[in-house]
Structure formats: C-alpha cells, structure tokens
Asker: 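Okay, handing you the structure first.
All values below were derived from every heavy atom in this structure, side-chain atoms included, with hydrogens, water molecules and symmetry-related copies excluded. Bear in mind the structure is a predicted one, so any value in this text is a computation, not a measurement.
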Amino acid sequence: KFYSMKKIFFFSLLCISFSMLLSSCSGDDEELPNLGNFTVDGATYQINKGNLKGYKSTAANQSNNYTFDFASEQGNTVRTVRLSISFPFNTMMNGEYKITGSSRQLDPWLSQYTETTGKHTDTYNNLITGLCTVARIGENNFKVKFQMQTTSGPEIKGEFEGDVKIQEIE
C-alpha cells in the first residue's frame, strides 16, 4: 500500500507541475506600454514607443538638433508623430518650441505626422501652426506636450511622458 501511495503522490505532483507549466505559458499577447496619447482630428491613439535622435552641437556657431518620434502601433497600422526641434549651443533642451519667432524652433518641414498601414504610407508635414514643450525629467525620461496643424492634413495634439530610446551624435 505504501508503494502505491507513493505512485499516486508522485503522479499527482507531476500533473500539478505540468498544469502549472501550461497555464504559465499562455498565448496572450504582450501589452504595449502606455506612454501617453495623441489625437488626430479628434480620434485618440495611445503612444507605446518613443525615440529621440539628435546632434549635440560642439561650437557656438552650431545649433543642437533633435527629433522625437512617438508611435502608436495598432494591428498593422503605425501612426507616428515626429517633432524636429533645434535650440542654441550650450543650452538645455527644456523649453517651449515654436515654428516661428523663437531661438527654440519646431521645424515646420521636418516635423510631421505619418500613418502606415501595410505598405501604404501617408505623410503630412509643412506645418502652418506648431508648438511643443519639452521637459527632461531624467537621463532618458521626458515629458513632451505638442500641438500642430499641417497645410494638407490633420490637426494633431498630444502628450508623452516616459523613457525614450536615445541615439545622440556629438
């Protein structure tokens, strides 16, 4: 009897272990992070990826030039807001950027909104209005608010807060 009890205990333990293994490896999709939202003509999209690429100036006659890309990935559609900013040498990135009348400029041509579905991409640039504020909270952590309107496209408003992947050239 003791021997058959051992077999039952071992078999039960094996079944429990196997069921735990199967339940812990479910096929659920991984949740994308929520780093903010943006609206395009009233439709709201969740930002789940942020990148920052840029050139840090090394001389007083050069500007710092950076580009933020905020992406919303939903199914096979990727919507991206690109904010291209420049600011004076030897100053911090924090501040307000406009398309005209400021030493901190939001570039009206390089800043854009793109919508890609499969192999088809629509790009909207050539801003007629644009404003963004940037606050660097930590080494890779930023808070960015933006609002822009393109000549042939939608009005885009949004806010991002979180870590970005940074590629910087000096």
Side-chain angles (χ1 to χ4, degrees), residues 29-41 43-117 119-170:
D29 290 331
E30 192 174 309
E31 284 281 322
L32 293 172
N34 183 354
L35 301 169
N37 294 296
F38 63 88
T39 60
V40 178
D41 284 342
T44 301
Y45 303 100
Q46 177 181 311
I47 299 171
N48 42 46
K49 187 187 291 183
N51 291 312
L52 176 63
K53 296 178 185 174
Y55 168 76
K56 184 177 181 181
S57 64
T58 56
N61 64 342
Q62 301 171 339
S63 292
N64 298 292
N65 297 293
Y66 287 85
T67 300
F68 284 98
D69 285 321
F70 302 126
S72 174
E73 298 176 4
Q74 296 173 322
N76 70 337
T77 301
V78 178
R79 294 171 179 85
T80 304
V81 174
R82 173 169 287 168
L83 305 169
S84 184
I85 61 172
S86 63
F87 54 99
F89 168 74
N90 215 19
T91 60
M92 293 180 63
M93 187 183 296
N94 293 354
E96 183 176 85
Y97 295 82
K98 301 176 184 179
I99 61 171
T100 59
S102 175
S103 63
R104 294 179 175 277
Q105 181 157 8
L106 176 64
D107 189 293
W109 184 251
L110 296 175
S111 299
Q112 63 187 14
Y113 169 70
T114 58
E115 195 169 308
T116 303
T117 303
K119 293 182 180 182
H120 178 77
T121 300
D122 289 318
T123 301
Y124 304 96
N125 57 0
N126 197 16
L127 303 183
I128 54 175
T129 63
L131 176 69
C132 79
T133 56
V134 175
R136 191 171 200 160
I137 299 167
E139 185 176 342
N140 297 331
N141 194 276
F142 290 85
K143 184 172 186 175
V144 181
K145 290 183 181 183
F146 53 91
Q147 181 174 353
M148 59 189 194
Q149 172 79 48
T150 64
T151 55
S152 63
E155 180 181 15
I156 300 108
K157 298 180 194 176
E159 188 171 325
F160 170 91
E161 185 169 352
D163 287 340
V164 296
K165 182 179 175 187
I166 298 177
Q167 293 178 325
E168 193 171 52
I169 302 168
E170 271 194 47

Asker: Hey, can you pull the donor-acceptor pairs under 3.5 Å for the side chains in residues 132-146, sequence neighbours left out?
Answerer:
residue: Arg136; atom: NE; partner: Glu139; partner atom: O; Å: 3.2
residue: Arg136; atom: NH2; partner: Glu139; partner atom: O; Å: 2.7
residue: Asn141; atom: ND2; partner: Asp163; partner atom: OD1; Å: 3.0

Asker: Between Tyr124 and Glu115, is any side-chain donor less than 3.5 angstrom from a side-chain acceptor?
Answerer: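 Not at all, the side chains of Tyr124 and Glu115 share no donor-acceptor pair under 3.5 Å.
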
Asker: Would Arg104 and Thr91 satisfy side chain to side chain contact (heavy atoms under 4.5 Å, CB included), going step by step from the backbone distance to the final call?
Answerer: CA-CA 10 Å; Arg104 294 179 175 277; Thr91 60; 3.9 Å; yes

Asker: Name each donor-acceptor pair under 3.5 Å that joins a side chain in residues 147-160 to protein atoms two or more places apart or in another chain, with its distance.
Answerer:
residue: Gln147; atom: NE2; partner: Glu155; partner atom: OE2; Å: 3.4
residue: Gln149; atom: NE2; partner: Gly153; partner atom: O; Å: 2.9
residue: Thr150; atom: OG1; partner: Gly153; partner atom: N; Å: 2.9

Asker: Any non-hydrogen side-chain atom of Asn64 less than 4.5 Å from a side-chain atom of Lys56?
Answerer: yes

Asker: Flag the pair Gln46 / Phe38 as yes when at least one side-chain heavy-atom distance between them is below 4.5 Å, and no otherwise.
Answerer: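 No, their side chains stay 4.5 Å or more apart.
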
Asker: What I'd like to find out is whether the side chain of Lys49 reaches to under 4.5 Å of the side chain of Ile47, using heavy atoms alone.
Answerer: no

Asker: What are the two closest heavy atoms between Ser84 and Thr67, and how far apart are they?
Answerer: OG-OG1, 3.6 Å

Asker: Ser63 and Ser86: which non-hydrogen atoms are nearest, and at how many Å?
Answerer: CB-CB, 4.5 Å

Asker: Please walk me through it: do Asn76 and Thr117 pass side chain to side chain contact (heavy atoms under 4.5 Å, CB included)?
Answerer: CA-CA 6 Å; Asn76 70 337; Thr117 303; 3.9 Å; yes

Asker: Test side chain to side chain contact (heavy atoms under 4.5 Å, CB included) on Asn37 and Tyr45 and set out the steps.
Answerer: CA-CA 6 Å; Asn37 294 296; Tyr45 303 100; over 6 Å; no

Asker: At their closest point, which heavy atom of Asn48 faces which heavy atom of Ser72, and how far apart are they?
Answerer: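 Scanning both residues, the minimum pair turns out to be OD1-CA, 3.8 Å.
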
Asker: Assess, by modelled atom type and distance only, whether the side chains of Glu168 and Tyr55 contain a donor and an acceptor separated by less than 3.5 Å.
Answerer: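 No pair is found: no donor N or O on one side chain lies under 3.5 Å from an acceptor on the other.
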
Asker: Minimum heavy-atom separation for Phe89 and Gln62, please, with both atom names.
Answerer: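 Smallest heavy-atom distance, with atoms named: CB-O, 3.4 Å.
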
Asker: Taking side chain as C-beta onward, heavy atoms only, is Leu52 less than 4.5 Å from Tyr66?
Answerer: yes

Asker: For Lys98 and Leu106, run side chain to side chain contact (heavy atoms under 4.5 Å, CB included): C-alpha distance rounded to whole Å, both residues' side-chain angles, the deciding distance at 0.1 Å, then the answer.
Answerer: CA-CA 5 Å; Lys98 301 176 184 179; Leu106 176 64; 5.9 Å; no

Asker: Mind telling me whether Tyr97 and Phe87 have parallel, tilted or perpendicular rings, with 30° and 60° as the class edges?
Answerer: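 Plane angle over 60°, so perpendicular.
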
